[in-house]
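Just so you know, these numbers use all the heavy atoms, side chains as well, and skip hydrogens, waters and symmetry mates.
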Amino acid sequence: MSPDPTPRPEHLAEPPAPYDVVVVGGGIVGAAIARDLGGTALRVALVEGRDDVGDGTSKANTAILHTGFDATPGTLESLLVARGYDLLGEYAERTGIPVERTGALLVAWSEEERDALPGLRDKARKNGYDACELVDAAEVYRRVPALGPGALAGLTVPGESIICTWTTNLALATDAVGRGVELHRSTRVEGATVGDDVTTLHTSRGDLRTRWVVNAAGLGADRLDAVLGHDRFTVTPRRGELFVFDKLARPLAPCIVLPVPSSRGKGVLVSPTIYGNVMLGPTSENLADRTATGTSEAGFDFLLGKGRTLMPALLEEEVTASYAGLRAAIDRDDYLIDLDVAQRYLLVGGIRSTGLTAGMAIAEHVRALLADGGLAPLDPRPDLPAPPRMPQLGEAGVRPYEDAAAIADDPAYGQVVCFCERVTLGEVRDAFASPVPPCDLDGLRRRTRLMNGRCQGFYCGAHAAALVESGGVERTPEVAR
Ligand SMILES: Cc1cc2nc3c(=O)[nH]c(=O)nc-3n(C[C@H](O)[C@H](O)[C@H](O)COP(=O)(O)OP(=O)(O)OC[C@H]3O[C@@H](n4cnc5c(N)ncnc54)[C@H](O)[C@@H]3O)c2cc1C
């Protein structure tokens, strides 16, 4: 019998089969989980409330690939940061996520901090990291001559590295989509009805049905948890403000300069960035407003004061930008990852200061928990596509504008659109042609570095806006008659 050619009227359409898993939250953690589960035969969706992936905390951090040397030994965080360091480092090589193995130097500025250094080295060993070495003040200044006066001693952490957080998020989301994960952007989960076998998520764009739900909603994880009927934790947005200094400052920071950590967190650091700048920050301030990603006068003054002590020469350089990110702090000093088998629901909460590094390990951990909870099949599919090769945004690598062979092959890579960051029309075009294209200027910036330089879009902003409007296609301007 031939199939019925009459299309079924919309209102009689059968509801689509439920997903096996819906992951809520398109930050690094959610994208890593969706990518990981997308490597199985399961039908998976990644749902993000904003217009783009990587537009929450994952876009505004200090972008350090942490060894986990200073984590609290025995915590889930310490295990997953150490594992994530290896997983992401290896994944970065395969996908082209820029990483620079700069190493870090932790500097003691008081007797008390100097006395704490051997304990930090022992803590690192307990975390399985044996490479730290105590150094005296002379060695501290030999390594970072621009440090302010008064450094007493240091601890080296050779494995600490800098990485591109934007490319990390995009690589994971792009890989997830390549593996068949359905990405729903601009889709905020607002309610849920948990049935016997299927949960219906009520979203800003209609209902989504799924067998299992993974909550990786970052700053919104407690609210989504409440939507699913729980009352177990509250997220406190902890703001971290940072200054970005011009590229001329880069020789001042040959490695990451860390403070001795305190109970308030990792403290203010000076770090080179993967784009060739130097960063000073972050602050640490608990807020009530989960949208308060603006910078403040108090934060500005605090960072100036810190900068004056840490590296006075840095303050002679120009500040290119300042920004702030919100850590999803909760009232415990560890990740809160919890599986509710009866509800077929897994919470990934409290991924506060280390989620960029730990994301892929969190994903691995989540898969193991889901397997214990009875979700199947979770074996890797044999036909997995190769991971994507991401655009090269790192200052240390070869960028398209300086790649003669690429330009000869495709002249668009020789057509510079943003002169501060030397972003070409070819890269803008590629961003719009990619599996997860940008929706706005900020998304294009995260994919290309466009408008990220010292003029912050003053010169290229109008052109960039026109390119967003046209989907990355250069339109010849009409000549006035
Ligand atoms: C100042 C600062 C410095 C940091 N430095 C580092 C560092 O150097 N190294 C490191 O490893 N980590 C660092 N971190 C931590 C790291 O950035 C975070 O742990 C990580 O980005 C968290 O990722 P996430 O996916 O959990 O959250 P997010 O990136 O915030 O993603 C969560 C997503 O969920 C979405 N969402 C929320 N509610 C809903 C809903 N109801 N429906 C649909 N979508 C929803 C949000 O829109 C958001 O996009 C830092 C953080 C800050 C703030």
Side-chain angles (χ1 to χ4, degrees), residues 27-28 50-65 98 162-170 218-219 237-247 249-250 253 256-257 265-287 289-307 310-311 314-315 317-329 352-356 393-395 418 420-421 423 438 440-458 460-461 464:
I28 284 172
R50 298 185 191 229
D51 293 341
D52 201 1
V53 296
D55 196 26
T57 300
S58 297
K59 77 172 173 188
N61 52 41
T62 35
I64 293 175
L65 181 60
I162 57 174
I163 188 166
C164 179
T165 189
W166 300 333
T167 310
T168 301
N169 208 142
L170 282 163
L219 290 165
R238 184 171 294 165
R239 179 163 62 183
E241 298 181 39
L242 296 113
F243 285 160
V244 180
F245 289 86
D246 189 68
K247 293 189 203 329
R250 179 64 166 85
I256 305 161
V257 179
K266 291 177 184 293
V268 172
L269 54 82
V270 175
S271 173
T273 78
I274 207 78
Y275 320 113
N277 302 79
V278 175
M279 172 190 286
L280 171 71
T283 58
S284 178
E285 177 194 10
N286 285 345
L287 301 176
D289 182 356
R290 296 168 193 230
T291 61
T293 50
T295 50
S296 68
E297 204 175 321
F300 191 88
D301 291 343
F302 176 79
L303 288 180
L304 281 184
K306 280 283 179 191
L310 287 171
M311 197 175 272
L314 187 59
L315 298 193
E317 302 294 336
E318 285 183 15
V319 173
T320 298
S322 61
Y323 67 92
L326 299 175
R327 307 168 185 91
R352 188 183 56 201
S353 305
T354 47
L356 158 62
L393 301 196
E395 195 70 359
C418 162
C420 298
E421 297 296 292
V423 181
D440 56 19
L441 273 176
D442 202 38
L444 185 58
R445 187 170 67 91
R446 292 197 295 276
R447 284 159 176 86
T448 60
R449 281 172 55 171
L450 189 83
M451 298 189 357
N452 207 38
R454 62 167 68 165
C455 94
Q456 291 286 294
F458 184 86
C460 63

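Scanning all heavy atoms of the two residues, the minimum distance from Met279 to Tyr323 falls at CE-OH, 3.2 Å. Nearest heavy atoms, Gly281 versus Thr62: O-CG2, 4.5 Å. What you find for Lys247 and Asn277 is that their closest heavy atoms are NZ-OD1, 3.4 Å. Closest non-hydrogen pair, Ala324 versus Ala60, comes out as O-CB, 3.6 Å. Closest approach of Leu450 to Cys418, counting heavy atoms only: CD1-CB, 3.5 Å. Shown here for Thr448 and Val423, the closest heavy-atom pair between the two residues is O-CG2, 3.2 Å.
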**Request:** Kindly indicate, with the supporting measurements, whether the criterion side chain to side chain contact (heavy atoms under 4.5 Å, CB included) is fulfilled by Thr283 and Lys306.
**Result:** CA-CA 10 Å; Thr283 58; Lys306 280 283 179 191; over 6 Å; no
**Request:** Would you check, one step at a time, whether the test side chain to side chain contact (heavy atoms under 4.5 Å, CB included) holds for Glu317 with Val278?
**Result:** CA-CA 10 Å; Glu317 302 294 336; Val278 175; over 6 Å; no
**Request:** Assess whether side chain to side chain contact (heavy atoms under 4.5 Å, CB included) is satisfied between Phe300 and Val319, documenting all intermediate values.
**Result:** CA-CA 11 Å; Phe300 191 88; Val319 173; over 6 Å; no
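Distance CZ/Arg239 to CD/Glu285: 4.5 Å, rounded to 0.5 Å. Interatomic distance, Asn61 CG to Thr165 OG1, rounded to the nearest 0.5 Å: 4.0 Å. For the atom pair CZ (Arg446) and CG (Asp440), the distance works out to 7.0 Å, reported to the nearest 0.5 Å. Here the straight-line distance linking atom CZ of Arg447 with atom CG of Asp442 works out to 9.5 Å at 0.5 Å rounding. Summarising the geometry, atom OG belonging to Ser296 is positioned 11.0 Å from atom CZ belonging to Phe302; distances are rounded to the nearest 0.5 Å.
Partner of Leu280 under the side chain to side chain contact (heavy atoms under 4.5 Å, CB included) criterion, chosen from Leu242, Leu304, Val268: Val268.
Not a single donor-acceptor pair under 3.5 Å links the side chain of Arg50 to the backbone N or O of Val53. Here the side chain of Asp246 pairs no donor or acceptor atom with the backbone of Thr320 at under 3.5 angstrom.
Partners of Asp289 under the side chain to side chain donor-acceptor pair (under 3.5 Å) rule, at least two apart in sequence or in another chain, are Thr291. Annotation: side chain to side chain donor-acceptor pair (under 3.5 Å) contacts of Asp51 (sequence neighbours excluded): Ser186.
With a 4.5 Å cut-off on side-chain heavy atoms, Arg238 and Ser353 do not count as touching. Between Leu393 and Ile274, every side-chain heavy-atom pair lies at or beyond the 4.5 Å cut-off. Considering only heavy atoms from C-beta on, Ile162 stays 4.5 Å or farther from Thr273 through its side chain. Counting heavy atoms from C-beta outward, Glu318 and Arg454 have side chains that stay 4.5 Å or more apart. Residues Tyr275 and Pro98 have side chains not in contact (no heavy-atom distance under 4.5 Å, counting atoms from C-beta outward).
Between Lys59 and Asp52 there is no salt bridge, since no side-chain nitrogen of the basic residue lies less than 4.0 Å from a carboxylate oxygen of the acidic one. Taking the charged nitrogens against the carboxylate oxygens, Arg445 and Glu421 have no contact shorter than 4.0 Å, which rules out a salt bridge.
No side-chain N or O of Glu241 forms a donor-acceptor pair with one of Ser322 less than 3.5 Å apart.
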